[in-house]
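Scroll down for the structure; my scribbles are underneath it.
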Amino acid sequence: MSASTVRVRFAPSPTGGLHLGGVRTALFNYLFAQKHGGVFILRIEDTDQSRFVPGAEKYILDCLEWCGISPTEGPHQPGAFGPYRQSERKERYAQHAEALVAKGLAYYAFDTPEELESMRTNLKSDQNPSPQYDHKTRMQMRNSLSLCQKDVKQLLDSGQPHVVRIKMPAAETVSFHDMIRGEVSFQTDQVDDKVLLKADGMPTYHLAVVVDDHDMQITHAFRGEEWLPSAPVHLLLWEYLGWKEKMPKWAHLPLILKPDGQGKLSKRDGDRLGFPVFAMDWTDPRTGEETKGFKERGFLPEAFVNMLAMLGWNDGTGEEIFDLETLTERFSIERVHKGGAKFDFEKAKWFNQEWIKRSSTEKLLPLVSQQLLANGLEATENKLNEIIPLVKERCQLVNDFVAQSAFFFRDPASIDINTILPKWDAKKEQFFEHWMQIISDLAAFDATHIEAAFKDTAAAAEIKPGELQLPFRIMLVGGKFGPPVFEIAAHIGKESTQRRIRLCLELLKQQA
RNA sequence: GGCCCGUUGGUCAAUCGGUUAAGACGCCUCCCUUUCACGGAGGAAUGAGGGGUUCGAUUCCCCUACGGGCUACCA
């Protein structure tokens, strides 16, 4: 190992719920760091004070922890490269911005928002619907390039609000190697003079990401594909600041798209299509609006992470169920897909079902217990130990345990009587009357004994047991689902079994 | 509009010039089970279009089309 320890960072802005795309970026960072014995850092990009949402930082940390991919360095666990919130690093950015101005690589711009607005509307045309502040237009604007030195000094001295903009070269080609996409190149005359330092003294993302990645000695930088167009600004900044040889290797991750229409997946799509987009429940402290998360929707973190990893990446073997450890072994950034992937909630649920099937009763127990409790069902640990193995392969989501096991604890709330009715007759009714008696006399009330007695009784009544099993199930469960009937009868006990039969017989009488 | 990125079944996707073009989800049929689920066996379904390069293109190059991203003193 050389002196260059791998250092990666996940750098969300604390503006609200954590989007699954964000979690995937964090996951890839985590996997990469783990694989290379590196450090995974959390950096909070809170340079936009107007969008800051209290509580969001803690929430992000909670989400990552739930996923099992907690950063080892960050505001919660400062290392030697702090502070980890950009708002606390303010002076550094200003200093570098000034240095760039001094070197003639950036300049002060005094244009007011209104002036910018009018420039854009005036220059707007069918050929150019979104005019830029760039090498073509900057000399017509009010900045330290277009104004004479005296005026600039006066403006500065009088405390005129101003920003610092990068001076993009007129005709250069900027290219770099992306770990996922290979060579990518841009013409500098196509990119605008991005604001580096805002009027409030805070940096924009562009300046901050470069300064911080440098200061925090980031070796590999992963971010969403939406950042690709501004990459040339960042590349140039690394060069202008004199850090070119220390620039991290870039990887622009493909976007996660809406399942239907087009465009990147948003929280709105989740609301619209009925699935979560955030990792965990999020309540906006200002509006009070609540948004469901994967966790609360009933996802196991293992499944969530597994699903996310497979969205845009695969190891080439065709296997797709992986735990974090295996993911770490197999992961390679080069195998990340280039194209965006439409999110498929059905497949996401399949991953979860696979993980529920694979999870031990011990692991599932507290989660199931909590779900049941939330639905007014109290279950002992012993009971849960028996029930969980019986129903887990019927559950896609943890919440499904409620519907799949409620009948173990209380009489069914509704009876699907229409399943029984068509083939119901007096003979069957007599059978069940008799069957209640038989149950009373059964010495051992376990599945095998119940089944044997049931079949004997059916034989005596000259009815095929199969024709009676479904009605029996409906009586006990209320519907066509659940584990073997005799198991259920054994678990709920004699009294409950008899009571449910009686209740249902009465119901059937009313229908007749 | 400009720039950038992308494009294999409905969806996720393998293939790194030669394959009957994997596998998974979903869907359909059958078996197991007189419930549901699990499990098992099958099935339908894919290289956007056009040019090259090559003995040979899904694979390499170009063009077109389509999709997406960006085009803020937001990230």
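The figures that follow rest on heavy atoms only: side chains count, while hydrogens, waters and symmetry mates do not. Residue numbers begin at 1 in each chain, while the letters A, B, ... track the order of the sequences.
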Dot-bracket encoding of pairs in RNA chain B, which uses [ ] for pseudoknotted crossings and | for another strand, Watson-Crick or G-U under 3.5 angstrom: (((((((..(((.....[....))).(((((.......)))))....(((((..]....))))))))))))....
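- Judged by a 6.0 Å distance limit and a 45° cone about the ring axis, Arg394(A) is not positioned over the six-membered ring of Phe481(A).
- What separates NZ of Lys258(A) from P of rC12(B) is a distance of 15 Å, to the nearest Å.
- Following rounding to the nearest Å, Lys342(A) (NZ) and rA13(B) (P) show an atom-to-atom distance of 12 Å.
- Distance check on atom P: rU59(B) versus rG9(B) gives 14 Å, rounded to whole Å.
- With sequence neighbours excluded, no residue forms a salt bridge (Lys or Arg N to Asp or Glu O under 4.0 Å) with Arg24(A).
- Scored by the ring pair (Phe, Tyr, Trp, His ring centres under 6.0 Å) test, Phe454(A) finds Phe431(A), Trp435(A), Phe472(A), Phe486(A) as partners (sequence neighbours excluded).
- Under the salt bridge (Lys or Arg N to Asp or Glu O under 4.0 Å) criterion, Glu393(A) pairs with no residue at all, not counting sequence neighbours.
- Exactly one of Val391(A), Leu372(A), Leu384(A) qualifies for a side chain to side chain contact (heavy atoms under 4.5 Å, CB included) with Phe408(A). That residue is Val391(A).
- As a whole-Å value, the separation of Trp350(A) CH2 from rU11(B) P is 18 Å.
- Sequence order on RNA chain B of the closest nucleotides to Gln187(A) and Pro129(A) puts Pro129(A) first from the 5' end.
- Taking atom P on both rG42(B) and rG51(B), the two are 39 Å apart, rounded to the nearest angstrom.
- Applying the salt bridge (Lys or Arg N to Asp or Glu O under 4.0 Å) definition to pairs two or more places apart or across chains, those involving residues 186-213 of chain A are Arg9(A)-Asp213(A), Arg43(A)-Asp212(A), Arg43(A)-Asp213(A), Arg89(A)-Asp212(A), Arg138(A)-Asp193(A), Asp192(A)-Lys194(A).
- No donor-acceptor pair closer than 3.5 Å links the side chain of Lys264(A) to the backbone N or O of Gly340(A).
- Comparing Asp126(A) and Asp344(A) by the nucleotide of RNA chain B whose heavy atom lies nearest to each, the residue mapping closer to the 5' end is Asp126(A).
- Nucleotides rU11(B) and rU71(B) are separated by 28 Å at their P atoms, to the nearest Å.
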Shorter than 3.5 Å, N or O on both sides, protein versus nucleotides 60-65 of chain B: list them out with atom names.
none

When you look at Trp313(A) and Phe28(A), which way does the ring pair (Phe, Tyr, Trp, His ring centres under 6.0 Å) test go after all the steps? CA-CA 10 Å; Trp313(A) 174 86; Phe28(A) 286 1; 7.5 Å; no
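- Following rounding to the nearest Å, Phe351(A) (CZ) and rG26(B) (P) show an atom-to-atom distance of 11 Å.
- At a threshold of 4.0 angstrom between heavy atoms, the contacts of Val184(A) are confined to the sugar-phosphate backbone, with no base atom among them.
- Spacing between atom CG of Leu253(A) and atom P of rG6(B) amounts to 14 Å, rounded to whole angstrom units.
- Taking only side-chain nitrogens and oxygens, Asn314(A) comes nearer than 4.0 Å to OP1 or OP2 of rA14(B).
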Do Phe304(A) and Phe294(A) pass the ring pair (Phe, Tyr, Trp, His ring centres under 6.0 Å) test, and can you show the C-alpha distance, the side-chain angles, and the key distance before you say yes or no? CA-CA 7 Å; Phe304(A) 183 53; Phe294(A) 277 87; 4.6 Å; yes
Summary of protein contacts for nucleotides 29-47 of chain B, nucleotide by nucleotide, where a base hit scores B, a sugar-phosphate-only hit scores S (4.0 Å, heavy atoms): -----BBBBSS--------
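- Evaluation of the salt bridge (Lys or Arg N to Asp or Glu O under 4.0 Å) rule for Asp315(A) yields Arg330(A) as partners, not counting sequence neighbours.
- Put simply, the side chain of Met310(A) reaches to within 4.5 Å of the side chain of Asn314(A), judged on heavy atoms.
- A straight line from CG of Asn128(A) to C1' of rC3(B) spans 12 Å, rounded to a whole angstrom.
- Of the residues in residues 329-338 of chain A, those with a non-hydrogen atom less than 4.0 angstrom from any atom of RNA chain B are Arg335(A), His337(A), Lys338(A).
- A donor-acceptor pair under 3.5 Å links the side-chain atoms of Asp269(A) to the main chain of Ser266(A), judged by distance alone.
- Taking the C1' atom of each, rG6(B) and rA45(B) are spaced 24 Å apart, rounded to whole Å.
- Here rA13(B) presents its C1' atom at 9 Å from CE of Met310(A), a figure rounded to the nearest Å.
- Look at the C1' atom in both rA75(B) and rG26(B): the space between them is 36 Å, to the nearest Å.
- Look at the P atom in both rA48(B) and rA14(B): the space between them is 14 Å, to the nearest Å.
- In this structure, the side chains of Val53(A) and Trp282(A) come closer than 4.5 Å at one or more pairs of heavy atoms.
- For Arg142(A), the side-chain hydrogen bond (donor to acceptor under 3.5 Å, both in side chains) partners are Glu115(A), not counting sequence neighbours.
- In this structure, the salt bridge (Lys or Arg N to Asp or Glu O under 4.0 Å) partners of Glu467(A), at least two apart in sequence or on a different chain, are Lys428(A).
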At under 4.0 Å between heavy atoms, how does the protein contact nucleotides 69-75 of chain B? Give one character per nucleotide, 5' to 3', with B, S or -. BSBSBBB
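- Among the protein residues, Ser185(A) comes within range of the sugar-phosphate backbone only, with heavy atoms under 4.0 Å from sugar or phosphate atoms but none that close to a base.
- As judged by a 4.0 angstrom heavy-atom cut-off over every strand, Gly312(A) is placed among residues touching the sugar-phosphate backbone only.
- The aromatic rings of Phe345(A) and Phe299(A) are tilted relative to each other, their planes meeting at an angle between 30° and 60°.
- Using a distance-only test at 3.5 Å, with no hydrogens or angles considered, no donor-acceptor pair links the side chain of Asp284(A) to the main chain of Glu289(A).
- Judged purely by atom type and a 3.5 angstrom limit, Asn352(A) uses its side chain to pair as donor or acceptor with the backbone of Gly298(A).
- Whole-Å rounding puts the Asn352(A) CG to rC25(B) C1' distance at 14 Å.
- Spacing between rG47(B) and rC60(B) at atom C1', rounded to whole Å, works out to 16 Å.
- One P atom belongs to rG49(B), the other to rU58(B), and the distance between them is 10 Å to the nearest Å.
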